[in-house]
Protein chains: 2
Amino acid sequence: MSSTRPPPQLPRVTIERISPELDGGRYPVKRVVGDTVRVSVDIFKDGHDLIGAQILFRGPGEQLWREEPLLHSFDEDRWHGRFVPDRIGLWEYTIEAWPDLFRTWREDLKKRVDAQQDVGSEMLEGAQLVQRRLAWIGAEASTEMRHAAKALADEAATIDARLSVAFSKKLEEAMAGPLDPEHVTRHEARHLVVDRERAVFGSWYEVFPRSLANEPGKHGTFADLERRLPDLAALGFDVLYLPPVHPIGVTKRKGRNNAVTCEPGDVGSPWAIGGAEGGHDAVHPELGSIDDFVHMVHAANALGIEIALDFALQCSPDHPWISDHPEWFFVRPDGTLRYAENPPKKYEDIYPLNFWCADRHALWLACRDLLLFWVDKGVRIFRVDNPHTKPLAFWEWVIREVQRRHPDVIFLAEAFTRPKRMRSLAKLGFTQSYTYFTWKNSPWELKEYASELASSEMAEYYRPNFFANTPDILHEYLQDGGRPAFRIRLLLAATLSPTYGIYSGYELCENVPVRRGSEEYLDSEKYQLKARDFHAPGNIRHDILRLNRVRREHAALQKLSNLRFLQTEYEPVLAYWKSAPGDDVIVIVNTDPHHCHETHVMVPVEELGLGEHQAYTVHDLLTDERYVWHGSRNYVKLDPADKVGHVLRVVRSEAEA
Amino acid sequence: MSSTRPPPQLPRVTIERISPELDGGRYPVKRVVGDTVRVSVDIFKDGHDLIGAQILFRGPGEQLWREEPLLHSFDEDRWHGRFVPDRIGLWEYTIEAWPDLFRTWREDLKKRVDAQQDVGSEMLEGAQLVQRRLAWIGAEASTEMRHAAKALADEAATIDARLSVAFSKKLEEAMAGPLDPEHVTRHEARHLVVDRERAVFGSWYEVFPRSLANEPGKHGTFADLERRLPDLAALGFDVLYLPPVHPIGVTKRKGRNNAVTCEPGDVGSPWAIGGAEGGHDAVHPELGSIDDFVHMVHAANALGIEIALDFALQCSPDHPWISDHPEWFFVRPDGTLRYAENPPKKYEDIYPLNFWCADRHALWLACRDLLLFWVDKGVRIFRVDNPHTKPLAFWEWVIREVQRRHPDVIFLAEAFTRPKRMRSLAKLGFTQSYTYFTWKNSPWELKEYASELASSEMAEYYRPNFFANTPDILHEYLQDGGRPAFRIRLLLAATLSPTYGIYSGYELCENVPVRRGSEEYLDSEKYQLKARDFHAPGNIRHDILRLNRVRREHAALQKLSNLRFLQTEYEPVLAYWKSAPGDDVIVIVNTDPHHCHETHVMVPVEELGLGEHQAYTVHDLLTDERYVWHGSRNYVKLDPADKVGHVLRVVRSEAEA
């Protein structure tokens with residue numbers, strides 16, 4: 001019979017089902033600085049011993065663990081605690097638990113004393129427990145402990161004197177913790193990405209700088225964009241996202257409205273990156289120089305605006321990598337490189353990179369260094385183009401590579417694909433993500449989708465960026481609904497999601513598609529310059545300005561997980577409540593751009609601390625109007641020709657009004 | 001700038017959320033030989049490549065993996081497959097996936113051909129793909145592949161000839177699989193415990209052999225038990241569970257009805273293990289010798305009955321370990337050993353082992369060797385007494401130690417404690433478990449509890465053993481309900497759970513507690529001999545015999561996960577349906593032992609393949625009565641004085657009747 005020895009280190013305590021946790025710890029969860037991380041966990045052991053347990057957590061680069069207590073909820077048989085990460089970067093947290101033999105001994109001692117049993121031997125056992133912990137913590141031990149060890153074992157003293165030592169508060173505190181390291185069970189650490197606030201809250205504006213020249217037909221520059229900044233700052237935008245600013249290929253360049261051949265003077269798609277002037281680390285000469293770019297970034301930052309750069313890993317036929325590194329592309333049997341295809345469609349103006357080529361290490365490093373190059377130029381946000389067409393393993397590696405040097409860098413995934421791939425990109429490292437929002441237009445779709453984002457496991461890692469339109473997506477709802485539709489979708493985007501965005505032209509309600517049934521714009525800016533009068537009649541600049549201001553002033557609108565839908569008696573009218581300490585906001589939206597609707601909205605008076613028949617004021621933060629409401633059922637009427645919705649702050653007292 | 005190279009092995013494909021899986025793979029799931037293991041998993045990658053994937057699985061000791069296909073369900077975006085383990089032991093399974101570049105190439109080729117594009121270069125690419133796989137699988141490659149590689153690249157041949165090779169069925173089959181090992185992503189293996197059928201299905205009977213003497217007042221023996229075996233076999237029992245058969249301590253022996261002091265002649269509790277005659281590896285001399293024990297085991301086995309032995313790791317003051325290994329116990333400061341306590345209560349007839357003592361390696365091995373000793377004597381089932389008072393890590397180790405030598409050994413956990421501890425024991429290795437069944441007496445409690453066991457994640461690892469009574473538990477329901485109550489609880493135990501048991505005396509409806517409000521028996525057999533006339537009037541032997549026979553004949557009653565409750569129009573009448581291929585059984589029970597009830601039961605006619613107004617026969621397997629039922633709503637009347645329930649087989653055609 002073989003005598004297999006039991007493994008030397010075995011857990012004394014079982015620690016299971018830590019929350020938060022993603023896929024058994026495979027991926028980190030996400031928070032922003034100052035968030036409270038609520039931790040819960042199952043902890044149990046055999047027998048009747050009491051258990052001690054705590055949260056351990058530490059910030060990036062920290063060697064020592066910080067500690068927070070865990071408390072047992074008997075009804076759930078689950079332990080709860082919390083900690084607050086105080087800086088950005090990759091954190092670790094875990095759980096440590098041990099048999100609390102001292103507290104167990106004290107509880108038992110109390111029962112024995114109550115039953116008037118002789119406890120002489122128990123006092124000696126108590127002294128042994130104190131000695132054991134003393135032997136471990138050594139120099140750090142309190143005088144209280146040294147004294148207690150002696151006093152408990154002092155058979156010459158009265159039993160009452162010894163008991164008063166046993167039950168002293170000071171000894172309890174000194175003995176709070178494991179007796180020795182062998183008793184401690186520690187769970188495998190979990191990871192937590194802690195970002196800055198912009199990761200979850202921000203108002204985005206997408207703009208093609210080349211369209212911003214002050215003369216029609218002229219190519220815009222970074223300087224033109226710089227002149228536009230004060231107005232965008234006044235409108236309340238936090239992030240300006242620029243499509244690629246790099247040299248644009250000439251070979252096979254696409255013409256206006258995506259024509260296969262271009263005409264002289266056509267500017268081409270900025271996503272056909274690379275030309276004689278350089279590749280991803282150069283700027284298109286007609287926009288200006290790198291120095292102009294850096295100057296513009298500084299000017300934006302001074303106005304409180306960040307620049308988000310497009311990161312589109314593909315090359316035009318004229319990209320320097322095509323000649324310098326043909327081995328980084330797909331080489332066809334005849335030695336030519338393979339352009340992009342979705343058979344039978346061909347995209348001859350673009351070459352995909354072969355991320356698994358033999359020289360992949362050099363390619364991946366080169367891609368990473370592009371990001372670091374732009375970080376060096378002051379960029380801290382990247383909007384990544386079609387990340388789902390490049391290896392997931394590449395993104396996990398490259399984001400980590402950049403963020404361990406620059407934990408403030410934000411990556412936005414522009415992936416419109418199946419849910420599991422979108423979720424996976426968010427889990428493996430993307431800071432925030434595009435969503436299906438543009439295609440969710442009916443009240444029930446909005447409810448279902450926003451609830452999933454706010455309340456499912458996705459809330460641990462998926463931060464939505466609700467763009468109301470993009471250069472690729474002009475939804476039929478906007479095409480058909482005119483100005484009211486633009487106002488409705490703006491209101492929804494800006495109040496459902498803490499991060500939202502619009503693409504230039506939205507404020508002018510541009511809604512002409514290239515053809516019926518398409519979501520592409522007519523005369524799309526992707527292929528040509530587009531001069532605009534941003535003050536043209538019918539613009540919705542006032543809505544934008546007001547909403548962005550309200551978003552900045554109201555903490556309730558800066559979170560997602562606080563979203564709760566309210567019942568309305570008529571479906572086209574959608575209502576939801578967002579709550580933050582001292583700030584309760586109820587948003588009511590008529591989702592039908594064509595008709596006036598009236599209904600009653602059910603207000604959760606009990607949770608709001610209001611009486612069922614109490615009168616209270618709701619203050620419309622968009623119009624400054626005030627309404628007196630009563631109890632839970634209140635009337636609203638929304639005519640899209642006038643008001644598409646309300647953003648109501650609940651005012652509890654006169655002082656708040 | 002440091003040039004961190006990307007890790008050398010990165011996954012090409014993401015494989016996530018394997019099912020079945022417990023706690024991220026920390027614990028194995030459980031099945032019995034011949035079960036179909038249905039596997040599902042999320043598999044995806046970047047880009048547009050098709051994916052190939054398969055299940056890998058292997059039995060204990062096998063080096064080579066066996067393979068089963070996985071198929072993609074597009075709607076769920078999830079992959080499904082199955083495999084069937086064909087022998088007992090610890091299995092492994094995992095998922096392997098790869099970009100299916102050949103199939104992707106063929107699909108694209110088809111689109112190009114349909115669009116009448118030139119495909120000369122594509123044919124060469126196809127040849128390269130075949131060459132790549134050839135280079136990998138080498139000697140094993142089919143002639144078809146060698147031929148194809150040449151034919152596809154043959155620019156002298158017609159394009160039609162080359163296309164017919166590209167689209168040939170044989171080439172598709174030969175190319176089904178990864179191109180080379182670098183493409184393959186394999187998930188970390190998961191474990192699966194495969195048991196024999198008795199792990200999930202069996203009728204248990206608990207008996208104290210010492211009570212089986214054929215003369216009143218005489219101490220029964222293994223030989224007496226052997227004489228009792230044919231009757232128990234005739235009643236249809238599969239497992240006979242014996243309380244400890246070891247020498248019983250004399251010091252501090254408990255008297256009748258748990259008296260603190262015993263009278264001369266008192267036999268003591270078999271759980272106070274160990275005396276002058278030996279410890280856990282000896283038998284109590286009054287029962288016979290080890291040889292008598294082995295003889296009895298063989299006799300039982302010959303009748304199709306297995307012997308389950310109690311494994312109670314505690315020692316009487318007279319156990320040989322007390323003197324030979326005092327270091328294995330808790331040593332008090334005064335040098336004495338600590339007896340069992342639950343302060344202020346003292347259990348001086350029993351000493352707990354100190355599983356974390358300094359000499360714990362020797363102690364753990366000694367405990368394991370006790371199990372191996374009895375395995376050597378022919379025992380294959382252990383009912384473990386109070387496992388939750390010994391370290392969970394010990395059980396995980398010792399069960400693995402025994403089962404890797406003897407995978408047919410079954411461990412039943414007798415833990416009545418908080419749900420998470422009970423579940424943990426089942427996860428870490430116990431084959432089956434006691435339950436809260438005795439305390440679930442109302443219809444809603446039974447529904448809730450049985451549904452949790454049958455349909456929650458617990459179904460992956462927790463195999464309930466529904467004992468209707470034990471020497472420790474005579475529920476008030478039985479005390480008050482008399483014979484009908486015993487018949488009702490027997491019917492519920494035997495049909496809700498595939499494994500159930502009764503403790504001796506149940507068949508005689510023994511229901512007198514030691515005092516009102518206690519679940520202990522008066523004159524409990526734990527402390528004294530108890531002679532019985534098993535044919536005494538009022539016995540329910542016929543119910544037992546009939547139910548055990550029906551259980552053996554009906555596959556539907558041998559599973560748990562097929563349990564589904566049916567609606568009844570009157571709550572005291574509980575109805576459920578269990579289905580197996582060709583075998584549909586509906587059980588209807590009046591849970592009220594005091595009153596006759598009538599109600600309608602809703603039959604799931606659609607799932608049973610019956611028309612809404614169709615007539616069909618239900619055959620009562622307990623009474624052989626037949627009823628003609630119509631459609632979904634059918635009348636039943638159950639008078640507990642006569643019938644406490646029906647076990648109805650649904651007969652679809654005359655041939656079945």
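All heavy atoms count here, side chains included; hydrogens, waters and symmetry mates do not. Sequence lines set the chain letters: A, B, ... in the order given, protein chains first and strands last, and positions in each chain run from 1. Treat the numbers as computed from the prediction; the structure is a model and nothing was measured.
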With a 4.5 angstrom heavy-atom cut-off, which part of [X] approaches chain A: side chain, backbone, both or neither?
X: Lys420(B); value: both
X: Asp77(B); value: both
X: Gln128(B); value: side chain
X: Arg338(B); value: side chain
X: Lys110(B); value: neither
X: Glu21(B); value: neither
X: Thr14(B); value: side chain
X: Glu107(B); value: neither
X: Glu122(B); value: side chain

For the candidates Pro333(A), Ala153(A), Ala127(A), Ser424(A), which exhibits the highest count of non-hydrogen atom pairs separated by less than 4.5 Å from chain B?
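Ranked by contacts with chain B, first place is Pro333(A).
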
Looking at Ala362(A), Pro419(A), Ala393(A), Gly120(A), which one has more heavy-atom pairs under 4.5 Å with chain B than the rest?
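The residue among Ala362(A), Pro419(A), Ala393(A), Gly120(A) with the greatest pair count is Ala393(A).
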
Under a 4.0 Å threshold between the charged nitrogen and the carboxylate oxygen, would Asp46(A) count as salt-bridged to Lys390(B)?
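Answer for the salt bridge query: no.
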
Are Arg17(A) and Glu457(B) ion-paired here, with the side-chain N under 4.0 Å from a carboxylate O?
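Answer for the salt bridge query: yes.
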
[X] side chain near [Y] side chain, heavy-atom distance below 4.5 Å:
X: Leu10(B); Y: Phe355(A); answer: no
X: Arg112(B); Y: Pro344(A); answer: no
X: Glu16(B); Y: Asp23(A); answer: yes

Exactly one of Asp108(A), Leu109(A), Thr104(A) should register a side chain to side chain contact (heavy atoms under 4.5 Å, CB included) with Pro343(B). Which one does?
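The option that passes is Asp108(A).
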
Is it true that a side-chain atom of Arg421(A) and a backbone atom of Gly47(B) form a donor plus acceptor pair closer than 3.5 Å?
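Side chain of Arg421(A) to backbone of Gly47(B), a donor-acceptor pair under 3.5 Å: yes, one is there.
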
Indicate yes or no for a side-chain donor-acceptor contact from Arg332(A) to the backbone of Ser121(B) under 3.5 Å, with no hydrogens or angles considered.
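It does not hold such a pair.
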
Does atom CZ (Arg78(A)) have a neighbourhood of more than 12 heavy atoms from anything else shown, all under 6.0 Å?
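For Arg78(A), atom CZ is crowded (more than 12 foreign heavy atoms under 6.0 Å).
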
I'd like to know whether NZ of Lys111(A) has more than 12 heavy-atom contacts from other residues, nucleotides or ligands below 6.0 angstrom.
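Buried by this count: over 12 neighbours within 6.0 Å.
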
Counting heavy-atom pairs under 4.5 Å to chain A, which of [options] comes out on top?
options: Phe394(B), Phe74(B), Trp395(B); answer: Phe74(B)
options: Lys45(B), Arg418(B), Lys346(B), Gln117(B); answer: Arg418(B)
options: Leu124(B), Asp49(B), Val13(B), Val398(B); answer: Leu124(B)
options: Pro391(B), Ala115(B), Gly25(B); answer: Pro391(B)

With a 4.5 angstrom heavy-atom cut-off, is it the side chain or the backbone of Glu341(A) that approaches chain B, or both, or neither?
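Interface part for Glu341(A): side chain.
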
